[in-house]
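Computation of the quantities below employed the complete heavy-atom set of this structure, encompassing side-chain atoms and omitting hydrogens, waters and symmetry-equivalent molecules. A, B, ... follow the sequence lines: proteins, then strands. Residue 1 opens every chain.
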2 protein chains.
Amino acid sequence: MLSKKTKYALHALTYLGKHKDEKTVLIQEIAEEYGISHKFLENILLELKKAGMLGSKKGKGGGYYLIKEPKDIPLSRVIRLLDGPIAMLPCVSLNYYEPCAECVNEAVCGINRVMIQVRDETLKILENKSLEDILKEE
Amino acid sequence: MLSKKTKYALHALTYLGKHKDEKTVLIQEIAEEYGISHKFLENILLELKKAGMLGSKKGKGGGYYLIKEPKDIPLSRVIRLLDGPIAMLPCVSLNYYEPCAECVNEAVCGINRVMIQVRDETLKILENKSLEDILKEE
DNA sequence: ACAAACCCTATTTAATTTATAGGGTTTGTT
DNA sequence: AACAAACCCTATAAATTAAATAGGGTTTGT
């Protein structure tokens with residue numbers, strides 16, 4: 001399951017996408033829209049900013065704004081940033097690979113094989129769907 | 001990511017599948033094969049038994065054994081039993097549905113829509129792949 | 001009778017996630 | 001220049017969940 005962090009990030013990005021004609025949007029405004037903690041959301045937006053997905057303006061009249069076109073923000077990127085691996089097993093993760101401690105021999109592991117298929121089908125969607133696709137539905 | 005419980009369950013089932021010509025297999029034997037705690041595995045096997053996937057024999061000379069054909073144990077069933085929902089969001093889970101607390105309106109949520117797609121593709125694999133498919137690879 | 005091996009429930013420990021805290025820095029306005 | 005609004009940053013605490021352990025109970029073959 002996606003963590004709250006990731007869910008909040010996706011919601012916040014969606015909100016910013018909907019308000020991209022406005023120069024900036026306040027953290028507080030987004031937090032209120034979804035009924036989530038201002039401070040928790042602040043940390044998340046900061047992380048999105050550091051990752052180059054958002055811009056911000058400090059001081060009075062400041063706030064956050066998208067610095068990319070929604071179509072250029074794939075959902076896989078957001079999930080990986082906040083949650084880490086998308087795969088169901090560390091041993092099939094493309095970005096966060098780790099061997100499974102209990103695995104006797106990864107080279108002939110049937111569980112591994114199935115989870116590679118799941119990973120590939122999942123990525124086929126999440127790498128090709130972007131913030132734009134979410135916005136189109138709302 | 002799958003929990004260790006689920007991973008251990010899948011490995012144990014695989015091991016039992018490989019030894020299905022033997023009447024019973026000891027917990028201890030499986031635990032040693034994968035280097036996992038006897039007691040932890042015991043709890044897991046018990047859960048699999050209660051769910052009707054395994055049979056057991058008590059007392060001296062006892063142990064566990066499969067009571068179904070490997071092809072009749074879909075992976076989705078094992079995962080749901082030990083880990084719960086397969087979906088990435090509670091609001092798209094078929095077996096463990098719950099609304100997302102922060103969601104303003106599920107009826108027009110773009111995140112929901114994408115995650116339904118991911119769920120469907122994932123289930124297409126996990127409901128159709130069985131223990132038999134894992135065994136074939138090993 | 002005895003020991004092997006599963007059965008059952010509860011508790012503890014560890015890890016992770018979620019949330020809070022609190023001051024720092026920048027910037028527009030007066 | 002003063003002030004307040006608003007983001008920046010790091011650390012810590014609280015809550016939840018996952019993982020592991022504990023310990024006795026019951027069944028069964030020899």
Compare the minimum distances between each of C:dT20, D:dC8, D:dA22 and the side chain of A:Phe40, then state the nucleotide with the smallest one.
C:dT20

For A:Leu2 and A:Gly61, take the nucleotide of DNA chain C holding the closest heavy atom to each; which residue's nucleotide lies nearer the 5' end?
A:Leu2

On the nucleotide C:dC7, are OP1 or OP2 found under 4.0 Å from the side-chain N or O atoms that B:Lys49 carries?
yes

Partner nucleotide, any strand, of D:dA19 [Watson-Crick/G-U, under 3.5 Å]:
C:dT12

Report yes if a donor N or O on one partner sits less than 3.5 Å from an acceptor N or O on the other, where the partners are the side chain of A:Lys39 and the base of C:dG22; otherwise report no.
yes

Hey, would you say the B:Tyr15 and B:His11 ring centroids sit under 6.0 Å apart?
no

Taking D:dC7, C:dC8, C:dT20 as options, the one with an atom nearest any side-chain atom of B:Leu46 is C:dC8

Which one of A:Lys4, A:Lys5, A:Lys7 satisfies the salt bridge (Lys or Arg N to Asp or Glu O under 4.0 Å) criterion with B:Glu102?
A:Lys7

Would you indicate, yes or no, if D:dT21 has its OP1 or OP2 atom less than 4.0 angstrom from a side-chain nitrogen or oxygen of B:Ser37?
yes

With both distances kept under 3.5 Å, what pairs with C:dT27, Watson-Crick or G-U wobble?
D:dA4

Check the phosphate of D:dC8 against A:Ser56, side-chain N and O only, distance under 4.0 Å to OP1 or OP2. Yes or no?
yes

If the cut-off is 4.0 Å, is B:Ser3 near the phosphate of D:dT17, judged by side-chain N/O to OP1 or OP2?
no

Give one of base, sugar-phosphate or nothing for A:Ile27, where a contact means two heavy atoms less than 4.0 Å apart.
sugar-phosphate

Going by side chain to side chain contact (heavy atoms under 4.5 Å, CB included), name the residues that satisfy it together with A:Thr6, two or more places apart in sequence or in a different chain.
A:Leu2, A:Ser3, A:Leu10, A:Ile79, A:Leu82, A:Asp83

Would you kindly give the CD1-to-C1' distance between B:Ile44 and C:dC7, to the nearest whole Å?
15 Å

Any A:Lys57 side-chain nitrogen or oxygen under 4.0 Å from OP1 or OP2 of C:dG28
yes

A:Tyr64 side chain N/O closer than 4.0 Å to the phosphate oxygens (OP1, OP2) of D:dC8?
yes

I need the B:Leu126 CG to B:Arg80 CZ distance, nearest 0.5 Å.
8.5 Å

B:Lys58 has its side chain closest, among D:dT28, C:dT9, D:dC7, to D:dT28

Linking I/L/V/M/F/W/Y whenever any side-chain heavy atoms sit under 4.5 Å apart, do B:Ile86 and B:Met88 land together?
no

Please figure out whether A:Gly59 or A:Lys50 has its closest DNA chain D nucleotide nearer the 5' end.
A:Gly59

With heavy atoms under 4.0 Å as the rule, sort B:Gln28 into base, sugar-phosphate or nothing.
nothing

